[in-house]
Each structure stands twice: as C-alpha cells, then as structure tokens.
Asks: 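Just passing along the structure, written as structure tokens.
When a ligand or atom number is given, it counts from 1 through the structure's own listing order.
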Amino acid sequence: MYGMVNKAMEDMVCAAYGETMWEQIKERAGVDVDVFISNEGYPDELTYKLVGAASELSGRPAGEILEAFGEHWILKTAQEGYGELMDVGGKNLPEFLNNLPDFHSRVSMIFPKLKPPRFKVSGVKEHSLCLHYFTHRAGLVPFVRGLLRGLGKRFSVPIKSISLLNSRDQGADHDTFLVEW
Ligand code: HEM
C-alpha cells in the first residue's frame, strides 16, 4: 500500500500515545523504516504487522485499532490532505455513499499504482442502504466500519447500525454491510 497509509497510522498512534509508543510498535513489528514516503509503495504485510504490534502493545484487539484507524482516515487524513476530493465525493451521507463506487478512480489519478477496494450500492432507502465491499485484501471489515462511522461524523449524521449481511469469513465472495442512519 502507499506510504500514506502507514504515515496516517503513525499520526493516529502519536496523537493518542506519543512518539515513543510508535517507535516501540515499529520495533516490535520488525519494521525498519524511519520515514514513510506518502507516494511510495510498501508491502501490505508491513501495514498488517504494524497493526498487529499496535494491538499487542496497547492491549486492544486489532479490529478495534482498525476501526479507530478508519475514523481517523476520514476525519483527519482525508480531510486535512485531500479535502477537495472529499468535497467532490458528496455533500451529505447518502450522496457520498452512493458515489463511493467512483471515489477511488479519482484517487488513482494522484496514486496511479493504487490497488483500491471496489464498492457497489444497492437497496437504497431514505435512511439505509446496502454497501458491497470487494477487495483482495483480508481482515479489513473493521476498517470499513470505522470509515463509515467517520463519514457519519463528517456529515453529522448519527449512524444507527452497521450490520454485516454477508461476509467472506462465511464463504461469500464479498462483504455486504447494511448501513442505517
Ligand atoms: C481522499 C480520500 C481517500 C484517499 C486519498 C484514499 C486512498 C487510499 C489508499 C492510498 C489506499 C491504500 C491502497 C493502495 O495503496 O493500493 C486506500 C485503501 C482503502 N480505501 Fe481509500 N482513500 C480515500 C478515501 C476512502 C473512502 C472515503 C473510503 C470508504 C468509505 C475508502 C476505503 C478504502 C478501503 C476499504 C481501503 C483498504 C484497501 C482494500 O480494501 O483493499 N477510502 N485508499
């Protein structure tokens, strides 16, 4: 994944626990990188190791860390670094979610080697929709939950529930969330 992902994780950890903790996480993960370069590619494996080490050192489950990271991604990383892209994504929660299938094609203009997730939307109602999430990566469902919660906060819309209707863990070919607000 692009270095901006690891950099964003560094931001989140340093804000919550301080720089010493981040150095300890890198050491435990066996990651020997001083400074992550945003537009350079790093193995996915490295990001997973950082999450694993953060989980061990903080005593919080990896899923919780990924969920917090999803919120941080929307409210800090995307907002502060790519505010215009976020603005183009939609002016309210349902509009943004409906436009999500096209979102990363715009991101790919900045990051041409992006291997983005794919999204589809179905069953749109006034206060709910189904979000279909396709990826070749494993274990990122909690990250998507956090992204959705972050979007709820971005648009000041309380999210009532995010339930997993189908999941790859149970043999489906993709994960399907029912998002209600
Ligand atoms: C301006 C805002 C955004 C930028 C710059 C961005 C960029 C990226 C980058 C660089 C990656 C790593 C993949 C790679 O390097 O190959 C990624 C992954 C991902 N992004 Fe975005 N993204 C943005 C917004 C969003 C939003 C709004 C969502 C959904 C609500 C989203 C969902 C995801 C997910 C789930 C992944 C994990 C990769 C996977 O599932 O395979 N992103 N994005």
Side-chain angles (χ1 to χ4, degrees), residues 1-12 31 33 36-52 62-63 65-122 124 128-157 159 162-164 166-169 172-181:
M1 294 198 230
Y2 274 104
M4 65 167 292
V5 175
N6 304 319
K7 233 179 140 156
M9 181 133 19
E10 176 176 352
D11 279 354
M12 179 181 81
V31 170
V33 176
F36 287 104
I37 318 268
S38 285
N39 56 2
E40 207 163 90
Y42 296 84
D44 282 8
E45 167 96 302
L46 189 154
T47 308
Y48 283 96
K49 280 186 183 160
L50 289 170
V51 174
I65 289 176
L66 281 170
E67 196 163 333
F69 187 46
E71 277 204 25
H72 179 89
W73 187 264
I74 296 295
L75 298 171
K76 291 277 178 336
T77 318
Q79 182 50 40
E80 288 170 11
Y82 306 88
E84 279 178 25
L85 263 180
M86 290 299 286
D87 289 345
V88 173
K91 58 183 183 311
N92 55 50
L93 181 69
E95 193 178 294
F96 197 99
L97 293 177
N98 271 297
N99 290 337
L100 211 46
D102 296 325
F103 193 91
H104 284 87
S105 56
R106 287 187 291 271
V107 177
S108 294
M109 292 180 197
I110 315 175
F111 299 103
K113 290 191 188 148
L114 193 75
K115 290 201 196 107
R118 250 179 348 107
F119 291 103
K120 274 189 193 166
V121 169
S122 70
V124 178
S128 70
L129 56 70
C130 289
L131 183 68
H132 302 261
Y133 165 52
F134 301 82
T135 174
H136 64 277
R137 298 183 172 100
L140 296 181
V141 160
F143 178 56
V144 176
R145 280 182 187 280
L147 290 163
L148 291 167
R149 298 221 170 268
L151 287 173
K153 288 186 180 166
R154 172 179 171 84
F155 294 111
S156 308
V157 173
I159 304 273
I162 301 170
S163 31
L164 204 50
N166 285 304
S167 77
R168 286 200 297 166
D169 281 352
D173 72 336
H174 70 278
D175 298 290
T176 308
F177 300 87
L178 171 64
V179 189
E180 296 177 287
W181 61 88

Asks: Just by modelled atom types, is the L85 backbone N or O under 3.5 Å from a matching donor or acceptor in the R106 side chain?
Replies: no

Asks: Hey, looking at atom 14 (C) of ligand 1, which of I110, L114, N99 has the closest heavy atom?
Replies: L114

Asks: Identify, for atom 38 (C) of ligand 1, the protein heavy atom at the shortest distance, and state residue, atom and that distance.
Replies: R137 NH1, 3.2 Å

Asks: Among protein heavy atoms, which lies nearest atom 5 (C) of ligand 1, and at what distance?
Replies: V107 CG1, 3.8 Å

Asks: Is the side chain of Y48 donor-acceptor paired with the backbone N or O of A138 at a distance under 3.5 Å, no angle test?
Replies: yes

Asks: Could you pull out the atom name of the N/O/S atom in H104 that is nearest atom 21 (Fe) of ligand 1?
Replies: NE2

Asks: Kindly compute the distance separating CZ (F143) from CG (L147), expressed to the nearest 0.5 Å.
Replies: 4.0 Å

Asks: Heavy atoms only: give me the nearest I159-L148 pair and the separation to one decimal.
Replies: CD1-O, 3.8 Å

Asks: What atoms in ligand 1 come closer than 4.0 Å to a heavy atom of V5?
Replies: 12 (C)

Asks: Nearest non-hydrogen atom to atom 40 (O) of ligand 1 belongs to which of W73, Y82, Y133?
Replies: Y133

Asks: So is there a nitrogen or oxygen of K115 less than 3.5 Å from a nitrogen or oxygen in ligand 1?
Replies: yes

Asks: Whether D87 and R154 form a salt bridge (side-chain N of Lys/Arg under 4.0 Å from carboxylate O of Asp/Glu) is what I want to check.
Replies: yes

Asks: For ligand 1, which atoms have a heavy atom of V144 less than 4.0 angstrom away?
Replies: 35 (C)

Asks: Looking at the rings of F134 and F119, which for Trp means the six-membered one, are their centres under 6.0 Å apart?
Replies: no

Asks: How about E40: does its CD atom have over 12 heavy atoms from other parts shown lying under 6.0 Å from it?
Replies: yes

Asks: Thinking salt bridges, do R137 and D44 make one under a 4.0 Å N-O criterion?
Replies: yes

Asks: Would you find more than 12 non-hydrogen atoms of other residues, nucleotides or ligands less than 6.0 Å from Q79 atom CD?
Replies: yes

Asks: Among all the protein's non-hydrogen atoms, which is closest to atom 37 (C) of ligand 1, and how far away is it?
Replies: L140 CD1, 3.8 Å

Asks: So among H174, K120, R118, which one has a side chain to side chain donor-acceptor pair (under 3.5 Å) with H132?
Replies: H174

Asks: Among protein heavy atoms, which sits nearest to atom 3 (C) of ligand 1, and what does the distance come to when rounded to 0.1 Å?
Replies: F103 CE2, 3.6 Å

Asks: So which of N39, D87, L147 gets nearest to atom 30 (C) of ligand 1, if we judge by its closest heavy atom?
Replies: L147

Asks: Please report which non-hydrogen protein atom sits nearest to atom 41 (O) of ligand 1, along with the residue it belongs to and the distance in Å to one decimal place.
Replies: T135 OG1, 2.5 Å

Asks: Considering non-hydrogen atoms of the protein only, which is the closest contact for atom 15 (O) of ligand 1, and what is the distance?
Replies: Y2 N, 2.8 Å

Asks: Check whether any heavy atom of I74 sits under 4.0 Å from an atom of ligand 1.
Replies: yes

Asks: When you compare the side chain of Y133 with that of R168, does any pair of heavy atoms fall below 4.5 Å?
Replies: no

Asks: Out of P117, G3, G139, whose heavy atom is nearest to atom 33 (C) of ligand 1?
Replies: P117

Asks: Hey, looking at atom 27 (C) of ligand 1, which of F96, F111, F143 has the closest heavy atom?
Replies: F96

Asks: Numbering the atoms of ligand 1 from 1, which are under 4.0 Å from a heavy atom of M1?
Replies: 12 (C), 14 (C), 15 (O)

Asks: At less than 4.0 angstrom from any non-hydrogen atom of A78, what atoms of ligand 1 do you find?
Replies: 2 (C)

